[in-house]
Each structure stands twice: as C-alpha cells, then as structure tokens.
Amino acid sequence: MISSFFGKTKPINYIIVLTLLFVSYCLVRFLGKDVVFTPELLFSNLGIFLALFATFFAVNFIVKRNKITKANSFAVLFYGLLCIFFPESLLDSNAILCSFFLVLATRKLISLKSLKEIKYKIFDAAMWIIVASLFYDWAMLYLVWVFIAVYIYEPKNIRNWFIPFSAFVAVGLLTVAFLSAVDKLQFIQEHYVFNIDLEPSMFSEWGKTSVLLIYLIIVIFVGIYSSVKLGKTGAGRLASMRLVAISFTIGIFVTLFEVSMNSFPIMVTFFPAAVFLTNYVDIIRKPRFKEFALLVAILVPISVFVFKVLLK
C-alpha cells in the first residue's frame with residue numbers, strides 16, 4: 001500500500017523519489033535535443049541537480065525538525081511529484097537555484113517559533129532571500145514574509161525590524177565587490193528592473209492545458225481544508241502554517257511577474273504546496289480514500305510528464 005510505504009521515513013523512500021527526480025531531470029534536459037556533451041555542460045548540469053538534490057533534503061529536514069507535518073515521507077514525495085507535474089520548472093536553472101535559497105530562508109523563519117536566536121534567524125532568512133533575488137528579482141518580495149514573521153513572533157523588539165536591512169546591506173556589498181572583481185557590475189542595473197510583463201501567449205497556453213489552474217485550485221483547497229482541521233484539533237502548528245500559506249501566496253505573485261517563454265518559476269511554490277498536500281493526506285481517516293488520493297497524486301504528474309516530455 002502506498003500510504004503504509006511512504007508513511008514511514010525509510011531511506012528507500014528517498015532513494016525512489018530521488019531516482020525518479022534524476023531521471024526526469026535528465027529526460028527534460030537532454031531527450032530529443034541535439035546536445036553536445038562538453039565538460040562545461042556536464043558540470044553545470046551536475047551543479048544544478050545538486051542544488052535540486054540539496055533542496056529535496058532541506059525540505060525533508062524542515063518538515064521533520066519543525067514538525068509541521070507528521071513523521072512520514074509524503075512531503076518529499078509531493079515535492080518530487082510537483083517537479084514532474086511541471087517539467088518546465090526542471091528546465092529553468094534560475095528557478096531551481098532560487099527555490100534552493102528560498103527553502104533555506106524558510107528553514108530559518110519556521111524555526112522562529114522556538115524563540116531562540118531570533119536575531120540570527122531573521123538575518124539569515126533575509127540574507128538567503130536576497131541571494132535568491134539574484135536569480136529572480138521579484139523574489140525580493142519574500143522580504144515582506146520576513147517582516148510578517150517578525151510581527152508574529154517578536155514584534156515588540158524594535159531592533160528585529162531593522163535586521164533585514166542590515167542583511168540587505170551585507171549581501172549588497174558582497175555582491176558589488178564580486179561583480180566589480182569580474183567586471184560585471186552592470187548586472188545589478190540589468191537584473192533588478194522589477195518589470196511586470198504578463199505575456200498573453202503564456203496565459204493562452206496555460207488555458208489550453210489547465211495545469212496551472214488545476215494546481216492552484218487543488219493546493220488552495222487542501223491548504224484551507226487542512227488548516228481548518230488543524231485548528232479544530234488544537235494542533236500547535238498553526239503559526240507555522242500561516243507562514244507557509246504566506247510563502248505560497250508570495251510565490252504565486254513571483255511566478256506571475258516572472259513567467260515568460262524562457263522562465264517558469266512555479267518551483268518557488270512547491271515547498272508550501274507539498275506541506276499542504278501532506279497535511280491533507282495525514283488527516284484522511286478512510287484508508288481506501290487515502291490510497292486512492294495518493295494513487296491519483298502519483299499517476300497524474302507521471303501522465304502529464306509523459307505527454308509533455310516523452311510524447312511531444
């Protein structure tokens with residue numbers, strides 16, 4: 001049974017999902033393309049996949065350490081399935097790298113609930129978000145998320161509100177120093193333009209496939225439903241779930257502002273989506289319905305991947 005297998009945290013579960021993710025990554029990047037395998041290409045793709053690999057384990061660490069889901073492998077399963085459901089995201093190196101640094105920021109913000117080393121965690125979260133913005137300028141919106149976290153956990157300490165600005169200065173100085181050393185200082189002016197260029201062709205394509213719309217409807221529904229259930233049971237995860245919901249909302253705006261024919265940053269929403277889906281599965285009491293839900297959750301992304309990548 002799927003629920004009993006992924007309902008545990010055995011190494012074989014991670015090996016299966018990572019293998020599926022690796023195969024999907026290679027198929028999306030190289031299948032049917034006239035690719036010349038140079039050392040530069042291999043090393044660059046290895047680096048990108050290692051970032052995806054690290055994100056995978058960071059997701060697992062966050063949900064287990066902060067107990068925002070039950071002790072199982074569903075979160076990493078759903079994260080991997082979402083990458084397959086949106087194979088375009090595996091083609092977008094900026095999306096993979098941006099998501100990696102945002103997950104690192106997520107780890108710091110979620111752990112604020114312990115009320116320990118708050119200043120360091122705020123600084124680290126803001127720092128990783130600013131680093132993430134080097135790949136997508138609109139990722140800077142996540143700084144709003146940091147201030148919301150400050151408001152939730154320790155708003156009375158006035159110094160906490162200024163820490164993100166110090167992180168901005170620190171990363172900014174290091175970035176300028178590095179770009180000056182490699183004579184690429186124009187990158188800042190060219191990159192941080194914050195354009196909102198909604199391409200009609202992209203929305204037309206989404207309307208034909210309905211993949212994004214289905215994704216949003218399902219995640220929003222299960223997010224609201226699972227949050228209501230958690231509230232009724234008095235679980236102590238609600239503050240963390242609010243931060244997760246805010247992350248998802250900001251991620252949708254970043255996706256809308258950044259999406260184009262060459263970029264598809266929907267991956268920035270995968271962590272909160274995986275958390276929502278996991279909590280929804282966890283609260284399903286009927287074994288048969290849980291098995292059916294998991295079977296559909298596995299078959300649909302694989303089917304979409306086959307039609308988009310293997311049969312195109």
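Along the sequence shown, the residues carry numbers beginning at 1.
Judged purely by atom type and a 3.5 angstrom limit, Lys116 has no side-chain atom pairing as donor or acceptor with the backbone of Ser111. For the pair Trp161 (side chain) and Phe147 (backbone), a donor-acceptor distance under 3.5 Å is absent. Within the 3.5 Å criterion, the main-chain N or O of Met140 finds no donor-acceptor partner in the side chain of Ser133. Under a 3.5 Å cut-off, the side chain of Tyr280 and the backbone N or O of Phe221 do not form any donor-acceptor pair.
Asp124 has a carboxylate O that lies under 4.0 Å from a charged side-chain N of Lys108, or vice versa, which qualifies the two as a salt bridge.
Side chain to side chain, Asn60 and Tyr79 fail the donor-acceptor criterion of an N or O pair below 3.5 Å.
Between Phe74 and Phe78, the ring planes lie tilted relative to each other; the angle falls in the 30° to 60° range.
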Q: Given side-chain hydrogen bond (donor to acceptor under 3.5 Å, both in side chains), test Ser166 with Arg159 step by step and report yes or no.
A: CA-CA 11 Å; Ser166 63; Arg159 288 179 293 181; over 6 Å; no
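You'll find the side chain of Phe253 stays beyond 4.5 Å of the side chain of Trp138, heavy atoms only.
Partner Val171 forms a side-chain contact (heavy atoms from CB on, under 4.5 Å) with one of Val169, Leu173, Leu174, Thr175 and no other, that one being Thr175. Across Leu97, Ile96, Val268, a single residue satisfies side-chain contact (heavy atoms from CB on, under 4.5 Å) together with Phe135, and that is Leu97.
Hydrophobic clustering keeps Phe86 apart from Tyr136 (ILVMFWY residues linked when any side-chain heavy atoms are closer than 4.5 Å, directly or through intermediates).
Annotation: the span from Ile15 atom CD1 to Phe22 atom CZ amounts to 14.5 Å, rounded to 0.5 Å. Atom CG of residue Leu243 and atom CD1 of residue Ile68 lie 9.5 Å apart, to the nearest 0.5 angstrom. In this structure, CG in Leu141 is found 12.0 Å from OG1 in Thr249, a value given to the nearest 0.5 Å. Atom NZ of Lys121 and atom OH of Tyr153 lie 10.0 Å apart (nearest 0.5 Å).
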